[in-house]
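What follows is a single structure, written as structure tokens, with notes after it.
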Protein chains: 2
Amino acid sequence: MYYCFMKKSSLYKGCLEPILLRLLKDHGRMYGYQMTQMVKDITKGELNITEGALYPLLHKLEEQGIVETETEMNGNRMRKYYSLTKAGKKQTNIAMDEMKAFMQSLEYIVNPKIALG
Amino acid sequence: MYYCFMKKSSLYKGCLEPILLRLLKDHGRMYGYQMTQMVKDITKGELNITEGALYPLLHKLEEQGIVETETEMNGNRMRKYYSLTKAGKKQTNIAMDEMKAFMQSLEYIVNPKIALG
DNA sequence: AAATATACATAATTTTCTTATGTATAGGTA
DNA sequence: TACCTATACATAAGAAAATTATGTATATTT
């Protein structure tokens, strides 16, 4: 382990939920593994969602009625598809507003001159 | 408590350290309370750093040799000024690169069309 | 006189990850 | 054939990084 190349612990702590909501809003019905691959693709390999973070969060969202699931077989392999409920769509809109405000705040801090212009 | 108006827990979880490093890089010597106020100002009230998050983090950064401190009296009130060490400046550059990559990733997810253009 | 602002600090708790582990099928390759 | 990687789910233990609550003390405003 070359510690000098080790990345700091993830910056996206706290952002995973809105990220998943956004994915489901844009792409509709998705299964967990598909989400991890799509995020990896979209971010050009930057964001790698771990399974230990993903699945418990999806289960929580289901409990809260934010998403609903359908389990299907793909050949002999199970896929659990998630999609936003009506309440989930409302929640997603709120979460997206918060995300945009948050991203603007980061811009203000990281690019103060540009942000003030 | 009107739960429907409750904000979700903070998105900046995980970003606080790079935020503080950026502040110190831009403004030099600062004390803790000043950092909270400046972040609140810069972000137009969006990001409110709690003391319970701030002070333990500053102490950790000092332990790690990222920042160094000078305590001064302002009238009868103490102020503990923090500034980046040489190692801290290096670390800040790395952290800023990571932050920019992270922010770009968020853009890709939240504004897929714009980001792809 | 009381409330708010300034200025630090820390403990208990909660949230939210990482890491490790487990199960199982499918496909590629040495 | 055996092994590795990818696909696809799940959960437990532990760590990281906040929130919330509390404490001390001075200064300013109402």
Side-chain angles (χ1 to χ4, degrees), chain A residues 1 3 6-21 29-41 45 47-64 66-67 69-82 95 98 102 105, chain B residues 1 6-21 29-41 45-64 66-67 69-82 95 98-99 102:
Chain A
M1 296 273 271
Y3 65 87
M6 296 279 293
K7 267 204 141 180
K8 296 295 298 291
S9 77
S10 69
L11 293 170
Y12 80 94
K13 207 164 210 157
C15 292
L16 184 54
E17 181 174 324
I19 286 171
L20 296 185
L21 294 179
R29 214 160 146 274
M30 294 183 77
Y31 58 98
Y33 185 76
Q34 187 186 13
M35 297 179 201
T36 68
Q37 298 309 301
M38 190 173 283
V39 167
K40 198 195 282 184
D41 283 354
L47 291 193
N48 289 286
I49 300 173
T50 60
E51 294 165 299
L54 177 72
Y55 292 112
L57 176 51
L58 287 173
H59 300 162
K60 193 198 75 176
L61 292 173
E62 188 178 10
E63 264 180 39
Q64 294 175 341
I66 306 292
V67 298
T69 63
E70 288 168 324
T71 298
E72 286 181 18
M73 294 310 286
N74 174 254
N76 271 339
R77 269 207 299 250
M78 183 183 66
R79 283 176 179 172
K80 197 163 164 188
Y81 282 92
Y82 290 83
E98 285 174 8
F102 170 63
S105 292
Chain B
M1 297 272 271
M6 296 278 293
K7 262 202 146 182
K8 296 299 296 294
S9 75
S10 71
L11 293 171
Y12 81 94
K13 216 163 207 167
C15 291
L16 184 53
E17 182 174 325
I19 287 171
L20 296 185
L21 294 179
R29 216 162 144 273
M30 294 183 76
Y31 57 97
Y33 185 76
Q34 186 185 12
M35 298 179 201
T36 67
Q37 298 309 300
M38 189 173 283
V39 167
K40 198 195 283 182
D41 284 354
E46 267 296 314
L47 290 193
N48 289 285
I49 299 173
T50 59
E51 294 164 297
L54 177 72
Y55 292 113
L57 175 52
L58 287 174
H59 300 161
K60 191 197 75 175
L61 292 174
E62 189 179 9
E63 264 180 41
Q64 294 175 339
I66 306 291
V67 297
T69 64
E70 288 168 323
T71 298
E72 286 182 17
M73 295 309 287
N74 175 254
N76 272 339
R77 266 206 301 248
M78 183 183 69
R79 283 177 179 172
K80 196 163 164 189
Y81 284 91
Y82 291 83
E98 285 174 8
M99 269 293 273
F102 171 63

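FYI, side chains are in, hydrogens and waters are out, and symmetry mates aren't considered; it's all heavy atoms of this structure. Within every chain, numbering begins at 1; the chains are lettered A, B, ... in the order of the sequence lines, protein sequences first and strands thereafter.
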Rounded distance in Å - [atom1] ([X]) to [atom2] ([N]):
X	N	atom1	atom2	value
A:Lys80	C:dA24	NZ	C1'	16 Å
A:Asn48	C:dC17	CG	C1'	14 Å
B:Met78	D:dA25	CE	P	13 Å
A:Leu11	D:dA16	CG	P	15 Å
A:Tyr55	D:dT7	OH	C1'	9 Å
A:Ile49	D:dC9	CD1	C1'	16 Å
A:Lys13	C:dT18	NZ	C1'	8 Å
A:Leu54	D:dT11	CG	P	12 Å

Choose from [options] the nucleotide whose nearest atom is closest to any side-chain atom of [X].
X	options	result
A:Leu16	D:dT11, D:dA18, C:dC17	C:dC17
B:Tyr12	D:dA18, C:dT16, C:dA7	D:dA18
B:Ala53	C:dT19, D:dA8, D:dT19	D:dT19

Q. Which part of the nucleic acid does A:Leu57 contact within heavy-atom distance under 4.0 Å: base, sugar-phosphate only, or nothing?
A. nothing
Q. So what does B:Glu51 hit on the nucleic acid, given a heavy-atom distance under 4.0 Å: a base, only sugar-phosphate, or nothing?
A. base
Q) For A:Glu70, what residues pass the salt bridge (Lys or Arg N to Asp or Glu O under 4.0 Å) criterion, not counting sequence neighbours? A) A:Arg29
Q. Under the salt bridge (Lys or Arg N to Asp or Glu O under 4.0 Å) test, which residues partner A:Glu62, sequence neighbours left out?
A. none
Can you give me the closest heavy-atom contact between [X] and [Y], atom names plus distance?
X	Y	result
A:Met35	A:Leu20	SD-CD2, 4.0 Å
B:Leu58	B:Gly32	CD1-CA, 4.1 Å
A:Glu51	A:Pro56	O-CD, 3.7 Å
A:Tyr12	A:Leu47	CD2-CD2, 4.2 Å

(Q) Checking side chain to side chain contact (heavy atoms under 4.5 Å, CB included) between B:Met30 and each of B:Met38, B:Lys80, B:Arg79, which is the one that passes? (A) B:Met38
**Q.** D:dT11 OP1/OP2 closer than 4.0 Å to side-chain N/O of A:His59
**A.** yes
Q. For D:dA18, does either OP1 or OP2 sit under 4.0 Å from a side-chain N or O belonging to B:Ser10?
A. no
I'd like a table of atom pairs between the protein and nucleotides 2-6 of chain C - only N or O on both sides, under 3.5 Å - with the distance next to each one.
from, atom 1, to, atom 2, distance (Å)
C:dT6, OP2, B:Tyr33, OH, 2.0
C:dT6, O5', B:Tyr33, OH, 2.9
C:dT6, O3', B:Arg77, NH2, 3.4
C:dT6, O2, B:Arg77, NH1, 3.2

Q. Quick one: side-chain contact (heavy atoms from CB on, under 4.5 Å) partners of B:Met78, sequence neighbours excluded?
A. B:Thr71, B:Met73
Q: Output all residues satisfying side chain to side chain donor-acceptor pair (under 3.5 Å) with B:Gln37, sequence neighbours left out; order by chain, then residue number.
A: none
(Q) For A:Asn76 and B:Gly52, find the nucleotide of DNA chain C closest to each by heavy atoms; which residue's nucleotide sits nearer the 5' end? (A) B:Gly52
Q. Does the side chain of B:Cys15 come within less than 4.5 Å of A:Phe102's, by heavy atoms?
A. yes
What does the list of N/O pairs under 3.5 Å between the protein and nucleotides 27-29 of chain C look like, with a distance for each?
none

